[in-house]
Each structure stands twice: as C-alpha cells, then as structure tokens.
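All remarks here apply to the structure that follows.
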Amino acid sequence: MHRINSQSIALLITSRRWLPVGVCICLAVLTCIVFGQTLWHDFINYDDPRYVYENTKITSGLSIAGIGWAFTHIHSENWHPLTTISHMLDCQLYGLKAGGHHFTNFLLHTIAAILLFLALQCMTGALWRSAFVAAVFAIHPLHVESVAWVAERKDVLSGVFFMLTLLAYVHYARAPSIGRYLVVALAYALGLMSKPMLVTVPFVLLLLDYWPLGRIRGQKSDVSGHENLAMLVVEKIPLVGLSAVSSVVTFLAQRGAVGWTEQLPVLARINNAVVTYVVYAWQMLWPVKLAVFYPHPENRLPLSEIILALAILIAATAAAFAFRKKGPYLVTGWLWYLGMLVPVIGLVQVGWQGHADRYTYLPQIGLYVLLTWAVADLTARWRRQREILSASAAVIISVLSWRAWIQTSYWRDSETLFTHALAVTSNNDVAENNLGIVFLRKGNLDEAISLLQAAVDLRPENSPAHENLAKALLQKGQVADALVHYRKLLELQPDNIEVHNIVGTVLIQQGRIREGVEEWQKVLTIQPDNGNAISNLAWVFAASPDDSLRDGAKAVQLAEQAVRISGGRIPIIFRTLAAAYAENDRFSEAIQTAQRGIELANSQGNSGLAAELQGNIALYEAGRPLRDSSLTNGSLPPRQ
C-alpha cells in the first residue's frame, strides 16, 4: 500500500511538471491555427513598401554595413535598429517571398505568448489563470494587425523582449544582484531598440512590485512601506534613463510624422485619448468591425461621448483603488493598461489615425490579468467553479480564435484588406487611397481615379492621395488635371524633389518649357546633385530650338556633372554631353563623346539609341549643333 501511494505521488508530481510544457505546446498550436494562414499572404501596399520591399537597404540583406546603417539611421521615421536588422535578415533568408516574412512575425508572436505564460506563472504561481491570459493574448482579434502585418514586426519583436524583461525582473526580484539587474537592463534595452513604445516598462515593473511580487509592502524588511517604495523607485532610475534616451531619439525621428497642431489642437487630442481608452476596452470585449486604419474624429466627437468615457475611466480607477486590499491585481492590471498606452494614446499625434489595433498588443495584457483574477476570486465559492470556468474559458478562446481567424483572412492582400476597411469604417481617406493604388497598378484607371478623388475630397491634406491621383490622371492622358494635383502636392510638400521633377516633365509635355526649367532649377536648389534635374536642364540648355533658352556653357557644366554623378554608365547622358559640346562649337569632342555613348548603348543592347547617336555624329561632322524639335511641340524631352 505504501509503495502504491509513493508511485501515485511520484506520478502526480511528474504530471504537474509536464503541465507547463503541455500549456506551451497548446499555445503554439492555437497560434498556428489562427495565424498559420499568413504564410500564404502577400505584402500589403501600406507601410510594407518602405519597411521592406521598396527599401534597398533592407532588400540587400544582412551585412556588416547594413547593421551599421540600422544603428546610425532612421528607418521609416523610427529608430528601431533591431527591427530593421530583422527585416534585413528576412530578405537574406527569404528574399521577397512574403510568406517567409510572415512566418517570422508568426514565430515571434508565438514565442511572446509562451514567454508571457511562463512569466505570469513564475510571478503568481497560478498555472491555469496564467495559461488563460496567455491564450487570450495569443489569439485576440485585436492582435491580428501586429502579427499579420509585416511592417508591424516591431510589435512582435518588442513583445518578445518585453516578456524576457518580465522574466529577468522576477529572477532579479527574488534575489537582487548587480548581475541580474544588468540582465533586466539588457533585455529592456533590446526591447526599446525594437519598438520605443516600451518606454513605460519601468512603471509596469513598479506595478509588479506591488502585485504579484509584493515588494512594495515592506513585509520582508524593517523599513516602512513608503520607504520601501522610494527604494524601489530609485532602483528603476537606470531603466528610466534608457526610456528617456529612447523618447528623445523617437521624438527627433518622428518629427515629420507628427500631426499638425493647427488641425489637431491639444483639446481634440485629449478628447480623443479619453474616448480611445474606453474604445480599446470595449473592442477587447467585443472585437468586431476591426480595420487597418480608423480616421481621426478630430473635433467631431459628441460631448456626451467624451463625458461618458471620462466618467467610466474615473469610476474604474476609483474602483481599482477602493478594492485594492481584496484584489491588488485590480490596481496592477488597470494601471498597466492605462500606463502602457500613454505613448500611443494620441496626446502627441503621430499620423492621422484616431486609434489603432496594434497599440493594444501589450497594454491590454493588464486587462486580461485583471479580469481573469477577478472572475476567479468572485466565483471562488461556487460549488462547481472549476467546471464552469473551464467550460467558459474554452468557449471564450474558441470564439476569439474564430473571430481572429476571420480577421486574419482580410490581410491576405491589399485589395481585400482595404475593401474590408471601407466596409466597416466611414470617411476613411487612407483606405480609399490604398485601394485606389491597387486599381492603379492593375490598370483600372477609372476605378482608381474615383477612389483617389474620394480620398482627396475627404481630406485635402492627404499628400499620397494627391500624388496617386495625379499619376492616374497622367496615365489617363488628363495632363492638365494631373498638374493641378501635383501643384497641390507641392503646396503640402514643397521640398518633394521627385514631384518637382515630374511637374517639370509635365510642363514640358504642355509646351511650357520655361516653367519646366524653373521646376528643375527648384530641384537643384533643394538638392544640388540631383542627376535627373541636372541632365534634363543640360539637354534643354544644349538642344532647345529657342535661342533665349539655350546656354552652351551651362549645358556643358551640367552635362559633365551628370556624367560624373551617373558614373559614366548611362549612355543617353553622353548624348546630352555631346549636344552640349556641339552647342559650344566643340565638335571634335562632341563626336568622341557620341562615340562613347554608342559603345555603351550597344553594350547594353540599346540599338535604337546607338542609331540615334550615329545620326547625331553626322550633324557634328557637318559642323551643325543638335536641335530637339520636341522642346517646342510639347513632347517629352529624352529620358535621362
């Protein structure tokens, strides 16, 4: 009998040891069921281009030079070198196969969910409550954006380092030492270098000191609770220093992305922040009509809605503190939620969204913990509590998984994503613009123009929409209409070199040569070594039939500069330089230069240009400069 009892106890202990492993496996399977479909998804045309597939620094793959660039440059208006390096590594491993990039996001999210479970269990000793919180984190529909969007790599990568910071902090709190503290600081620094939103982590760690770690109450020391709290605050100062550095760098990096104060005054931002706190909490409970972009309400929020939201926040905060002795997790969970959202709640407006699903990725863990522990305590006296809560948890996880799976399916491509966004939101100029881009690239110009026109009508300050509409109108042959939107774009972005170059070309198309020249000269004022503007100006100064426009000396100077900038690899620039020499009666140099252009054109398989240059040589041998009649009839100048 004694032997049987010993075997039973040993078996029970072994099974308990394996329970955490089983939970981790279940979390991985659950995450795979919901997000595995992303392996067959494409990139989307919103942020993915500049983060990955149109960024040559990223597509070049991982290298020592690339790593150096990641640490010394701003990437997409952010300084997050580890995120940048992770994108480089993906391009090294998978090229531009979107499935590989999605796999990395999915893998990092899975790791973050497992680490969250381990951290909570380690802190609280509550296995099943920790498992439920981690499961909700793993499959909540609000987290689809962070996982299914390649450009949001920063969310899932910073999530992994955040969980590691929690684990390291628990290890440190149980036996403080300099070595263990340095591990905490290292994990936290890596998290900040993945996404600076983690600047509030020292505050979260202080909350964990209160509950569940119990370090604030001073039970294990002779000092009072207040003195103990002061010591714990001082303990966080080095981490706060890391937060301060990250905040300054982020502010400097995002100056171009911060919304205009004139259009989003402080009061409008505060009102939206108050309402957004409640919106996020409601979406946690009822995650429907989720979209990639929610337009900012600006000053359109009803006063009654603002007052109600403020009342809810005040009441919830008061309740958390009122019941803190019976449920200390109420204070920790609620302030975790409020505090972690501060950097992205919109008080400092970055972009034009009213709120975003991705911002809830880590902050809502606080609410998951609060509700899970509160429900468990409130039902403690129920006769069949375990069975009821187990069944309820299974239903909740199943429903959330189903909703998350559906939400993830909308991210399979840009057309599906933005069509859905337009279906569940209103006045969404960003969705109109990005869906317009889809149709523009398909060549469906009428559909594209309709969507893009709607975007600029909704928000005249939408620069990308003006640019895309101008491109669509240009392809449609509506040059004058295209020029209107390019002009508007230059009002919004006066230093946009590419647009100045395009406007110069469009003006040439209309036969407005002098105005085109003025645009290219504006480019050189902004960027003196812009090869496109330099070569275009050189051609006009060398080959225009209008005597008042030609300037032989300036043409030679610009054309020689264009050759240097191009590295002597573009044959048509030799055509421009030859014409410039001929305009200055330097015909022998013009012939030699044209010959070099012919050799280069032939080596590149451009027989048409080679033949044209041969015809130019005949002119120069006759002692005649080249005149381009297209510069009087409104045709395009030669592409440089």
Side-chain angles (χ1 to χ4, degrees), residues 45-51 54-57 73-79 151 250-265 293 295-296 298 348-353 428-437 440-441 448-449 451-475 478-510 512 515-534 536-537:
N45 62 10
Y46 187 38
D47 279 0
D48 281 357
R50 61 177 181 160
Y51 266 91
E54 287 183 2
N55 189 324
T56 56
K57 294 292 185 181
H73 289 76
I74 302 302
H75 177 201
S76 300
E77 297 175 331
N78 278 288
W79 186 78
T250 301
F251 177 77
L252 294 174
Q254 293 187 338
R255 280 181 299 180
V258 175
W260 294 340
T261 302
E262 295 82 9
Q263 293 180 310
L264 284 177
F293 183 87
H296 199 288
E298 300 179 34
V348 177
Q349 185 66 29
V350 177
W352 290 101
Q353 70 282 344
N428 197 330
D429 60 295
V430 169
E432 299 273 12
N433 173 59
N434 283 276
L435 189 56
I437 295 172
L440 178 59
R441 290 177 177 172
I449 289 171
L451 288 162
L452 295 167
Q453 185 64 59
V456 299
D457 288 343
L458 284 169
R459 184 158 60 87
E461 298 81 16
N462 189 327
S463 301
H466 279 290
E467 184 171 8
N468 291 314
L469 180 55
K471 290 177 182 178
L473 291 168
L474 205 57
Q475 290 185 32
Q478 298 174 219
V479 178
D481 292 335
L483 190 58
V484 169
H485 290 283
Y486 277 129
R487 289 293 196 193
K488 177 62 178 177
L489 180 57
L490 286 177
E491 289 179 18
L492 298 170
Q493 300 177 351
D495 292 338
N496 191 319
I497 292 169
E498 181 182 356
V499 174
H500 277 295
N501 270 323
I502 294 172
V503 169
T505 301
V506 172
L507 289 168
I508 293 292
Q509 284 181 312
Q510 293 189 312
R512 297 156 65 179
E515 293 177 69
V517 166
E518 289 175 4
E519 288 300 325
W520 290 327
Q521 287 173 331
K522 290 177 184 176
V523 171
L524 297 186
T525 301
I526 301 167
Q527 189 181 74
D529 60 347
N530 185 274
N532 193 22
I534 289 171
N536 281 335
L537 284 171

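Here the structure is a predicted model, which means the values were calculated and not measured.
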Checklist entry - If you look at every heavy atom in Asp481 and Gln478, which pair is closest and at what distance? => result OD2-NE2, 3.0 Å

Checklist entry - Is the backbone N or O of Pro49 less than 3.5 Å from a side-chain atom of Asn55, with the two atoms forming a donor-acceptor pair by type? => result no

Checklist entry - How far does CG of Leu537 sit from CG of Asn532, to the nearest 0.5 angstrom? => result 9.5 Å

Item to check | From CA spacing to verdict: side-chain contact (heavy atoms from CB on, under 4.5 Å), Trp352, Arg459 | outcome: CA-CA 10 Å; Trp352 290 101; Arg459 184 158 60 87; 3.6 Å; yes

Checklist entry - Closest approach of His296 and Glu298, non-hydrogen atoms and distance? => result ND1-N, 2.8 Å

Item to check | Where Gln493 and Ser463 come nearest, the two heavy atoms and their spacing | outcome: NE2-CB, 3.2 Å

Checklist outcome for this item: Rounded to the nearest 0.5 Å, the CG atom of Asn462 sits from the CG atom of Leu492 at a distance of 9.0 Å

Checklist entry - Sequence neighbours excluded, which residues qualify as salt bridge (Lys or Arg N to Asp or Glu O under 4.0 Å) partners of Glu518? => result none

Item to check | Interatomic spacing from CD in Glu515 to CG in Leu483 - rounded to 0.5 Å | outcome: 8.5 Å

Checklist entry - Taking only residues two or more places apart in sequence, or in another chain, which ones meet Asp495 in a side chain to side chain donor-acceptor pair (under 3.5 Å)? => result none

Checklist entry - Can you name the residues that form a side chain to side chain contact (heavy atoms under 4.5 Å, CB included) with Ile497, not counting sequence neighbours? => result Asn501, Val523, Ile526, Gln527, Asn530

Under 3.5 Å, sequence neighbours excluded: what are the donor-acceptor pairs made by side chains of residues 464-474?
unit_1	atom_1	unit_2	atom_2	d
His466	ND1	His485	ND1	3.2
His466	NE2	Pro460	O	2.8
Asn468	ND2	Asn433	OD1	3.0
Asn468	ND2	Pro464	O	2.9

Item to check | Ser76 backbone acceptor or donor facing Asn78 side chain under 3.5 Å | outcome: yes

Next on the checklist: Glu519: which residues meet the salt bridge (Lys or Arg N to Asp or Glu O under 4.0 Å) condition with it, sequence neighbours left out?
Outcome noted: Arg487, Lys522

Next on the checklist: Apply side-chain contact (heavy atoms from CB on, under 4.5 Å) to residues Trp520 and Ile508 and explain how you reach the verdict.
Outcome noted: CA-CA 11 Å; Trp520 290 327; Ile508 293 292; 3.6 Å; yes

Item to check | Donor + acceptor pair across side chains of Asn428, Glu432 (<3.5 Å) | outcome: no

Checklist entry - Between Glu77 and Arg50, does a side-chain contact (heavy atoms from CB on, under 4.5 Å) hold up when you go through it step by step? => result CA-CA 10 Å; Glu77 297 175 331; Arg50 61 177 181 160; 3.8 Å; yes

Item to check | Beyond-backbone contact of Asn45 with Arg441, side-chain heavy atoms, under 4.5 angstrom | outcome: yes

Checklist entry - By side chain to side chain contact (heavy atoms under 4.5 Å, CB included), which residues pair with Ala151, not counting sequence neighbours? => result Asp47, Asp48, Tyr51, Trp149

Checklist outcome for this item: CG of Asn536 to OG1 of Thr505, rounded to nearest 0.5 Å, is 5.5 Å

Item to check | Val430 and Tyr46: CA distance, side-chain angles, deciding distance, side-chain contact (heavy atoms from CB on, under 4.5 Å) verdict | outcome: CA-CA 9 Å; Val430 169; Tyr46 187 38; 3.8 Å; yes

